[in-house]
Amino acid sequence: MYRYFPHTSSDLQAMQQAVGIGSPDELFADIPAEARLQRDYDLPASASEMEVRRFFEGLAQESGTPRAIFAGAGCYNHYTPSIVKSLTARSEFLTSYTPYQAEISQGTLHYIFEYQSMIAELTQMDISNASMYDGATATAEAAMMAWANAKKATCVAISATVDPKVRQVVETYAHFHGFAIQTIAATGGTTDREALSGMLAKGGVAGVIVQQPNYYGIVEDLTGIADEVHAQKGLFIVNANPFDLALLRTPGEWGADIAVGEGQSLGIPMTLGGPGVGYMACSEKLMRKMPGRIVGQTLDNRGQRAFVLTLQAREQHIRRQKATSNICSNQSLMALFVTIYLATMGPEGLREAAQQSYTLAHELHDMLVATGRFKPTFASQPFFNEFCLDYDGDLDVLCSALEAKGIVPGVRTGLHTIMIAATEQNTRQQLHDYVQTVKAL
């Protein structure tokens, strides 16, 4: 049944007992001794999955230059344990549909419930739904929740430091749902707090959306924003990278009413930009206004634990004209991907991967600045695993040189500015190669 899980000692003993042998060696009793290998296998010491993959990637270099990825901007090159792809490839997951009939969908409902529990724990919010299409539409849905929750509002405010791609989607949703979007100015790469306070003081703001870390990779200090927004009867919405929450303060700790974001960083491969998965979590008072599926736990008529879709009418899924959201079909496959990833990594594994990403990014940042060819775009601003630098030369020439070395250098955000990300997938040799290429120009 579990074809990808290793056998335990008790599994082996049970199988040996079933076939009537005392040890696996008896299975080969008919093979003459002279035909058997009489020494240990010539195998290296144990290695992690990443080390094994890197070994074989090294053997594959003859077929092409491997890519060292330092691009991010919302899509990151994090490691995916092999068990995740193996389990999500099972046919019962690939062919499942929205679980209307709970009595025949307990497996699907169960893993959705586990996904919700993990997202709620990661964000420290009260409740999570069963995933959205992606982080951008999840943010737009949160803006719609804020608008629907307001009584005398004229707009939803969004920081200029939110990813431009996300802001465009939010603006599109707002246009067709009849409310305005006001942009909060940025200063020094972070949300302008004076501009935000002034906007709130004028009134009419249904909600405020910020990003953490923001589009430029900066970890913003969100202290006090929730209190300001709540004082004006608005909702505070935090778009957060869930991977980074292993080490950073959570939306719940910042006082957010709604937490949203792109879950691609939770082990989903970059795969040319998709698919990803949007997550959404909120406070208990808003749970009946949350779009998408929500799975609850209950007891059946025999007193056994069971799972059901809850808190929503069926129209949410099958009658689009009466639904509160466009999330009306099954988007749970990628939620399953995230669930298996988080269960495999565990809290310690996720923290370790996040710490490695943080450390490598800061090492690369300091090495590049030390070349004298770069300076920080936003001086003295804290960052996690992504940062912006200004280059003193021709950025086109630099990017071409790096790409010729098999290095994806980052994402350009200006004529002389590049945004660079590092993850646990990068090696210090790759950092060295990046810096040496810069020095050679």
Side-chain angles (χ1 to χ4, degrees), residues 1-5 83-134 137-138 141 145 242 258-261 263 266-268 275-284 286-320 322-346:
M1 180 178 179
Y2 301 112
R3 53 182 173 168
Y4 299 108
F5 288 177
I83 191 175
V84 181
K85 292 182 180 179
S86 297
L87 291 178
T88 52
R90 292 178 64 97
S91 60
E92 60 265 43
F93 296 136
L94 293 175
T95 59
S96 64
Y97 192 63
T98 299
Y100 300 130
Q101 295 173 286
E103 65 274 17
I104 61 171
S105 302
Q106 285 299 292
T108 300
L109 291 165
H110 189 176
Y111 79 67
I112 290 176
F113 182 83
E114 297 298 340
Y115 164 83
Q116 294 173 181
S117 301
M118 290 177 179
I119 294 297
E121 182 176 357
L122 195 59
T123 59
Q124 291 194 322
M125 302 296 290
D126 295 330
I127 189 169
S128 165
N129 69 5
S131 82
M132 312 291 281
Y133 289 124
D134 54 33
T137 55
E141 296 276 359
M145 285 177 64
I258 307 173
V260 292
L266 298 178
I268 300 177
V277 60
Y279 77 85
M280 175 182 279
C282 70
S283 60
E284 185 176 357
L286 294 172
M287 64 183 180
R288 290 188 179 275
K289 298 181 180 180
M290 177 181 282
R293 295 174 314 285
I294 300 175
V295 174
Q297 177 179 283
T298 185
L299 297 176
D300 64 15
N301 57 6
R302 294 170 293 178
Q304 296 177 323
R305 185 172 69 156
F307 302 94
V308 294
L309 290 177
T310 188
L311 294 176
Q312 296 173 333
R314 186 175 168 89
E315 285 77 7
Q316 179 70 35
H317 306 274
I318 63 172
R319 295 183 183 177
R320 299 179 77 116
K322 292 187 177 182
T324 59
S325 164
N326 74 337
I327 304 295
C328 58
S329 186
N330 182 22
Q331 293 296 311
S332 67
L333 181 62
M334 302 317 295
L336 173 65
F337 204 106
V338 167
T339 304
I340 299 175
Y341 171 82
L342 289 173
T344 302
M345 296 290 285

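Reckoned from all heavy atoms, side chains included, excluding hydrogens, waters and symmetry mates.
To the nearest 0.5 angstrom, Ile127 atom CD1 is 8.0 Å from Thr310 atom OG1. In this structure, Ile340 CD1 and Phe93 CZ are separated by 6.0 Å, a value rounded to the nearest 0.5 Å. With rounding to the nearest 0.5 angstrom, the CD atom of Gln116 is 14.0 Å from the CD atom of Glu121. Rounded to the nearest 0.5 Å, atoms CE (Met280) and CD1 (Ile119) are 12.5 Å apart.
Scanning both residues, Ala343 and Met118, for their nearest heavy atoms gives CB-CE, 3.9 Å. Nearest heavy-atom pair across Ala335 and Val277 is N-CG2, 4.2 Å. Residue Val338 comes nearest to Tyr115 through the heavy atom pair CG1-CE1, 4.1 Å, listed as atom of the first residue, atom of the second, then distance. Taking all atoms of both residues into account, the shortest heavy-atom contact from Thr123 to Ala281 is OG1-CB, 3.7 Å. What you find for Pro275 and Ile268 is that their closest heavy atoms are O-CG2, 3.4 Å. For Ile112 against Ser332, the heavy-atom pair with the smallest separation is CD1-CB, 3.9 Å.
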His110/Arg305 under side-chain contact (heavy atoms from CB on, under 4.5 Å): CA gap, chis, key distance, verdict:
CA-CA 10 Å; His110 189 176; Arg305 185 172 69 156; 3.6 Å; yes
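Using a 30° and 60° split on the angle between ring planes, Phe113 and Phe307 fall in the tilted class, from 30° to 60°.
Heavy-atom neighbours of Glu284 CD from other residues, nucleotides or ligands within 6.0 Å: at or below the threshold of 12.
Panel note: side chain Tyr279, backbone Val260; a donor-acceptor pair is recorded below 3.5 Å. A donor-acceptor pair is defined here as one N or O able to donate and one able to accept, closer than 3.5 Å; no such pair exists between the side chain of Glu114 and the backbone of Thr339. Put simply, the side chain of Ser131 never gets that close to the backbone of Gly278: no donor and acceptor are under 3.5 Å apart.
Contact annotation: the side chain of Cys282 never approaches that of Asp126 to less than 4.5 Å [non-hydrogen atoms, C-beta and beyond]. Considering only heavy atoms from C-beta on, Val308 stays 4.5 Å or farther from Val295 through its side chain. Inter-residue side-chain proximity for Tyr111 and Thr108 is flagged as met; some heavy-atom pair is nearer than 4.5 Å.
Screening Met125, Met145, Glu141, Lys289 for a side chain to side chain contact (heavy atoms under 4.5 Å, CB included) with Ile258, the sole residue that qualifies is Met145.
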